[in-house]
Asker: 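Quick one: structure below, then a few questions.
Note that ligands are numbered from 1 as they come in the structure, with each ligand's atoms numbered from 1 the same way.
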Amino acid sequence: MINEEARALGAAPNKIRETFAYGLKRKAEIGENNVFDLSIGNPSVPSPDCVDETIARLATESKGTMHGYTPSPGLPDVREAIAQNLNKRFNQNYSGDNLYITSGASSSIAITMKAIMQPGEEVIAPSPYFMEYRTWAQDAGCSVVEVPVRPDDFQMDVPAMEAAMNEKTAAVIINSPNNPVGSIYSKQNIADLADAMRRKSEEFGHPIYLLSDEPYRELYYYEDEKPAWVPDLYDNTIVLYSWSKSMSLPGERIAYILVPQSVENWHDVYDAVCGGGRLLGYICAGTMFQQVVKECIDAPVNKEPYDINRKIFMEGLDKIGYTYIKPQGAFYMFIKALEPDANAFVERCKAHDLLLVASDGFGITGWVRAGYCCSKETIEGALGKFQEVWDEYHK
Ligand code: PLP
């Protein structure tokens, strides 16, 4: 008999992927340039040249011998290179032993939740948040407790998060720069959360882990709002990183989990991560892309095209009159829907071939997410559609 939980998950479409699939179909019908698909976070900036150059070189040099398994946590020299890169950038003292290479932040999160949570426990997420957290928590037999961010500045509401912590709280998961809002939690905001978590860990007699999901770490637009290095603020932090966005490699599935030495009993936590990977059937991350990220680890992240789109988008929305959250990072614009039901608003936009995602799945109602990881022309065309929709609502 099939597993009902799995069937239900498989049958219930993920709204983002469903809209993306619709967009592809619609483009085939009416032409690529007539559909303004802002639904998915697929980076539009090409990967650094180093990526293709390394693939070509590896393919030539290896003559078919590079496709074998690697050790489960990843190739030792690749892990060491990642550690050295982090040490240089964040003034740390990590080694390859702190790192477990994975197939995307998705697997980093799923593995870590499996590793550090017992069935029946809870993970707190400031909402809005990345919707798949619920699925991975569910697989670990756990649930996500949503705590809305402050409505005025979309920073974490630390007193409310502290009030939500109880003896079943295994972890808090944060994502900054944030999908879907584009906000960055300030250093002070994270430090306040860390204080609250220390208080509650002590009260309940076990560590509450802080999972820092940060695939957008390098995508910030104001130097003075650069994302803080979270393990500096809270010892029991586990970092979940991915090159999906920074190196535009989402289809190649390459990422890592960092368990710093500051984590209590970090060797055990690291072993649990390895076991979590094993339980979930992750044998090792793709061999070729482990080597690619090693070779390209210092390649600069090109965020300028996103910043250009961001500015054009904000200016256009201002002119029309939409309310939105000014993005500090990532590549999403969080826009207030023109009616309380964001799904109804999304449908109205869809009729204009403007494809957006309603905020409901992210744990908040009344907003939509629009990815500006697309061409400048797509943003310019989309603004024309936003105007048409605005006019329709205001006639
Ligand atoms: N976490 C957040 C906040 C994301 O936005 C995404 C992808 O969009 C992921 C995790 C998953 O990333 P990956 O493609 O590396 O699995």
Asker: Just jot down the ligand 1 atoms closer than 4.0 angstrom to any heavy atom of S244, in number order.
Answerer: 13 (P), 14 (O), 15 (O)
Asker: Is the ring pair Y133/Y129 parallel, tilted or perpendicular, if the boundaries are 30 and 60 degrees?
Answerer: parallel
Asker: Do F362 and Y332 make the cut of ring centroids closer than 6.0 angstrom?
Answerer: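 F362 vs Y332: aromatic centres not under 6.0 Å.
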Asker: Name the closest protein heavy atom to atom 11 (C) of ligand 1, giving the residue it belongs to and the distance to 0.1 Å.
Answerer: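 Its nearest protein heavy-atom neighbour is S106 OG, 3.4 Å.
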Asker: As an exercise, identify every atom of ligand 1 less than 4.0 angstrom from a heavy atom of S242.
Answerer: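 This gives 15 (O) as the contact atoms.
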Asker: Examine the proximity of ligand 1 to A105 and report which part, side chain or backbone, both or neither, has a heavy atom under 4.0 Å away.
Answerer: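 Contact part for A105 vs ligand 1: both backbone and side chain.
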Asker: Using the ring of each side chain (for Trp, its six-membered ring), is Y393 parallel, tilted or perpendicular to F345, with breaks at 30° and 60°?
Answerer: tilted
Asker: Could you tell me which non-hydrogen atom of W367 sits nearest to which non-hydrogen atom of K336, and how far apart they are?
Answerer: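 Shortest heavy-atom separation between W367 and K336 comes out as CE3-N, 3.4 Å.
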Asker: If every non-hydrogen atom of S47 is compared with every non-hydrogen atom of L249, which pair is closest and at what distance?
Answerer: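 For S47 versus L249, the nearest heavy atoms are OG-CD2, 3.6 Å.
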Asker: Numbering the atoms of ligand 1 from 1, which are under 4.0 Å from a heavy atom of K245?
Answerer: 7 (C), 8 (O)
Asker: For atom 6 (C) of ligand 1, which protein heavy atom lies nearest, and how many Å away is it?
Answerer: F130 CZ, 3.5 Å
Asker: Under a 4.0 angstrom heavy-atom cut-off, which atoms of ligand 1 come close to Y216?
Answerer: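 In order of number, 3 (C), 4 (C), 5 (O), 8 (O).
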Asker: Once the angle between the rings of W390 and H394 is folded into 0 to 90°, is it parallel (under 30°), tilted (30 to 60°) or perpendicular (over 60°)?
Answerer: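 If you compare the ring of W390 with that of H394, the planes turn out parallel.
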Asker: Yes or no on side chain to side chain donor-acceptor pair (under 3.5 Å) for E295 and Q291, after CA distance, side-chain angles and deciding distance?
Answerer: CA-CA 6 Å; E295 293 303 316; Q291 297 177 70; over 6 Å; no
Asker: Check each heavy atom of E132 against ligand 1 and say whether those closer than 4.0 Å belong to the side chain, the backbone, both or neither.
Answerer: neither
Asker: Considering non-hydrogen atoms of the protein only, which is the closest contact for atom 1 (N) of ligand 1, and what is the distance?
Answerer: D213 OD2, 2.7 Å
Asker: Output the list of atoms in ligand 1 that are nearer than 4.0 Å to some heavy atom of G104, sorted by atom number.
Answerer: 15 (O), 16 (O)
Asker: To the closest 0.5 Å, what do you measure between OH (Y100) and CG (L240)?
Answerer: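 If I round to the nearest 0.5 Å, the distance is 13.0 Å.
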Asker: At a non-hydrogen distance cut-off of under 4.0 Å, which region of P215 contacts ligand 1 (side chain, backbone, both, or neither)?
Answerer: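 Side chain only.
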Asker: Under 3.5 Å between some N or O of ligand 1 and some N or O of N179?
Answerer: yes
Asker: Is there a heavy atom in P250 that sits closer than 4.0 Å to ligand 1?
Answerer: no
Asker: Any idea which atoms of ligand 1 are less than 4.0 Å away from a heavy-atom of N175?
Answerer: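 That gives atoms 3 (C) of ligand 1.
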Asker: Looking at I184, is its backbone amide N or carbonyl O close enough to the side chain of Q328 to form a donor-acceptor pair, meaning the two atoms are under 3.5 Å apart?
Answerer: yes
